[in-house]
Amino acid sequence: MKIEKILVANRGEISLRILRTAREMGIQTLAVYSDADQDAHYVRFADEAVHIGPSNASQSYLHMEKILEVAKKFQANAIHPGYGFLSENPEFAKKTIEGGLIFIGPTPEAMAIMGNKLAAKKAVSDYGIRLVPGAQKPIQDLEDAKIIAEKIGYPILIKASAGGGGKGMRMVYHPSEIKEQLERAISEAQSSFGDPSVFIEKLILSPKHIEIQILADHHQNIVHLFERECSIQRRHQKVIEEAPSPFVNAALRAAMGKAAIQVAKACDYQGAGTVEFIVDKDSNFYFLEMNTRLQVEHPVTEMITGVDLVKEQIEIAEGNKLRFNQDDLKIHGHAMEVRVYAEDPQNNFLPSTGQLKTYITPKGPGIRVDDGYEEGMDIPVFYDPMIAKLIVHAENRSLAIEKMKRAIQEYKISGVETTLSFCDWVMHHKIFQSGQFTTHFIGDHFRPEMLQNQLSTEEMEIVALIGTLHLKNQNADPILQNDQKNKNQWKKNRI
Ligand code: ADP
């Protein structure tokens, strides 16, 4: 069925990103907005925009009935959910379809399977996909947890079955810590997801997070669009992403791509999706989860493949066959993305509220800024504090890093603190430049005082070492310490 008018059930940069492609495809666009977003760029960009409620997401962007009512009233025949909010809610997908509209995404059944980490593991286990060693069932009680932990061996990771955004995840290095960490994981799982179910995995040491983008149509054609390297993380959440990964060679790429396609087959997937893997130092890769939506970091894949992923999502939703096969897809150069947040990296990344007094984005060849803000706008306190994604594309990785440094220098923001100085610090770090980093890079190497002065890499290492020793003396894990300090409203919706 031809899509005539799309309602984008989202806000900010991703709403604008989707509306732009829809317009290029000659599709009518309908935006929705809350009180906080009435002056937003995407609202003015859309052909039509409808106010759907107060700023609080539960009364606007998460309000299924209201959004469906607007889609009907304004005669949209498709809904694109973006990422976050309702994008991974099978009930919303089901109601959209029952209302006679096209849901731009997979079936509610595939979403339901992949939305639960344990159900997802069960589904893929028949397809020869390697899972992180652990118990593929929920923990019953403390005794059960102790038995499983002994069996797989410490250190372990306790995870929420319904997990997302790195929440409900607790590392346990020693049996004496398991009781406390289990209680914390359960209570965080309950408060964040309304589901207290947790399970145990082996903690992979020196891991890398590498994910594969896939596209699957309704005619059994599935391709992968190579990997994204997402190991630069803070509190288990991505902050810098790139494609291709400096760690992945052609053989590993082919093996991971094949595995990702198998995962898609395991849940009869249709649309754009991302299969996430954790990779150990010996290049063994283990399935973590599948995200059944467009990812925040999708632009790096678009830059290296030349494929507009939103366009492909729309084409697939209309029932069209993929216009390319695996052999048609090639990697061109290197792309990198930094997430620009309204947070203060010198003050434990605390959200920084206020008005964007100056807002000048970088320009020039190979630069893409996906943002939803303009000079003079306030950053609303109700949603994720991401201001923009700054993406660069160059011939190779070292040129991409140089381009990113230049772009960061050119980005001028005042009125709020941002993470740009932190991203610049990463770009200058020798370990990042070497490509030999793991998900522990920030925890091991970053100390806020490094942003105050322009330190050399050697000086930075000394500051990091002193900081690590200090924390060890306090018997504290730097990541867990940050976890405890950073419980605030804004972080709840991060993807
Ligand atoms: P979420 O859905 O909450 O984002 P994921 O399962 O995708 O959770 O994991 C988020 C991050 O946590 C990973 O990118 C990785 O850095 C870390 N992680 C997850 N599982 C493991 C593991 N078994 N060992 C080590 N690190 C892990």
Side-chain angles (χ1 to χ4, degrees), residues 6-19 30-46 49-71 74 76 79-96 103-105 108 111 115 160 162-168 188-195 237 291-296 339 341-343 350-354 370-373 377-389 416 486-495:
I6 289 181
L7 180 152
V8 180
N10 216 297
R11 61 175 297 280
E13 71 89 14
I14 196 60
S15 185
L16 191 53
R17 156 79 194 86
I18 296 160
L19 293 168
L30 174 60
V32 291
Y33 63 95
S34 71
D35 285 350
D37 285 329
Q38 55 185 333
D39 299 324
H41 187 177
Y42 80 92
V43 172
R44 280 179 279 119
F45 183 94
V50 182
H51 177 253
I52 50 164
S55 305
N56 196 320
S58 63
Q59 292 171 276
S60 49
Y61 301 108
L62 289 170
H63 196 318
M64 291 190 221
E65 306 302 340
K66 182 79 200 171
I67 292 171
L68 290 166
E69 186 192 306
V70 168
F74 288 81
I79 294 185
H80 194 307
Y83 58 69
F85 297 122
L86 295 169
S87 64
E88 288 175 289
N89 187 320
E91 200 189 328
F92 181 61
K94 192 159 173 271
K95 285 189 169 160
T96 303
F103 180 77
I104 303 177
M111 279 164 97
K167 279 178 217 77
E188 209 170 306
Q190 176 65 43
S191 65
S192 300
F193 314 111
D195 175 357
Q237 294 185 2
N291 289 326
T292 55
R293 54 168 164 81
L294 198 63
Q295 299 274 93
V296 175
R339 300 187 185 193
Y341 285 105
E343 290 176 346
L350 280 180
S352 174
T353 45
D370 281 18
D371 61 6
Y373 290 100
M377 280 176 71
D378 286 319
I379 310 273
V381 293
F382 305 96
Y383 318 111
D384 185 278
M386 193 172 78
I387 302 172
K389 303 181 313 206
V416 295
N486 255 340
K487 279 189 183 149
N488 55 59
Q489 177 70 25
W490 277 21
K491 301 260 159 81
K492 282 200 173 143
N493 285 326
R494 182 166 302 175
I495 307 305

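It should be emphasised that the depicted structure is a prediction, and the values quoted were computed from it without experimental measurement. Hydrogens, waters and symmetry mates play no part in the numbers below; they use all other heavy atoms, side chains included.
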What residues form a side chain to side chain donor-acceptor pair (under 3.5 Å) with D37, not counting sequence neighbours? R11, Y61

Just by modelled atom types, is the G12 backbone N or O under 3.5 Å from a matching donor or acceptor in the S15 side chain? no

Return the minimal non-hydrogen interatomic distance between A9 and I79, and the atom names on each side. CB-CG2, 4.0 Å

Using 0.5 Å steps for rounding, measure from the CG atom of L7 to the CD1 atom of I18. 10.5 Å

Closest heavy-atom contact between R44 and D39? NH2-O, 3.4 Å

Could I get the full list of side chain to side chain donor-acceptor pair (under 3.5 Å) partners for E91, not counting sequence neighbours? K95

Spatial distance of atom CG (D370) from atom CE (M386) [nearest 0.5 Å]: 8.5 Å

Search all heavy atoms of S87 against all heavy atoms of M111 and return the closest pair with its distance. O-CE, 3.1 Å

Using side-chain heavy atoms (C-beta onward) and a distance below 4.5 Å, is N291 in contact with E88? yes

Please find the pair of heavy atoms, one from A31 and one from L19, that lie closest to each other, and give the distance. CB-CD1, 4.5 Å

Please report the interatomic distance CG(L62) to CD1(I67), rounded to the nearest 0.5 Å. 7.5 Å

N/O donor-acceptor pair under 3.5 Å between E13 side chain and A388 backbone: no

Residue list, side chain to side chain donor-acceptor pair (under 3.5 Å) with N56, at least two apart or on another chain: S58

Residues in side chain to side chain donor-acceptor pair (under 3.5 Å) with K66, at least two apart? none

Do any N or O atoms from the side chain of S191 and from the backbone of E188 form a donor-acceptor pair under 3.5 angstrom? yes

Which value, rounded to the nearest 0.5 Å, describes the distance between D384 atom CG and F85 atom CZ? 8.5 Å

Taken in chain and number order and not counting sequence neighbours, the residues that satisfy ring pair (Phe, Tyr, Trp, His ring centres under 6.0 Å) with Y33 are H51

Taking the side chain from S352 and the backbone from A342, do they hold a donor-acceptor pair closer than 3.5 Å? no

Hey, is the main chain of A36 close enough, under 3.5 Å, to the side chain of S55 for a donor-acceptor pair? yes

Separation between CD of Q295 and CD1 of I14, rounded to the nearest 0.5 Å: 10.5 Å

After noting the C-alpha distance and the side-chain angles of Y383 and S34, does the key distance pass the side chain to side chain contact (heavy atoms under 4.5 Å, CB included) rule? CA-CA 11 Å; Y383 318 111; S34 71; 2.6 Å; yes

Got V416 and T353 here, is their nearest side-chain heavy-atom distance under 4.5 Å? no

Who pairs with D371 by salt bridge (Lys or Arg N to Asp or Glu O under 4.0 Å), at least two apart in sequence or on another chain? none

Side chain Y42, main chain V32, donor-acceptor under 3.5 Å: yes

One pair to check against side chain to side chain contact (heavy atoms under 4.5 Å, CB included): L68 and T96. What are the steps and the verdict? CA-CA 7 Å; L68 290 166; T96 303; 3.7 Å; yes

Are any non-hydrogen side-chain atoms of V70 and I52 less than 4.5 angstrom apart? yes

Apply the test side chain to side chain contact (heavy atoms under 4.5 Å, CB included) to residues V296 and R339: give CA-CA distance (whole Å), side-chain angles for both, the deciding distance (0.1 Å), then the verdict. CA-CA 9 Å; V296 175; R339 300 187 185 193; 3.5 Å; yes

Heavy-atom pair with the smallest gap, counting every atom of A40 and M377: CA-CE, 3.9 Å

On a heavy-atom basis, the closest approach of D195 and A162 is OD2-CB, 3.8 Å

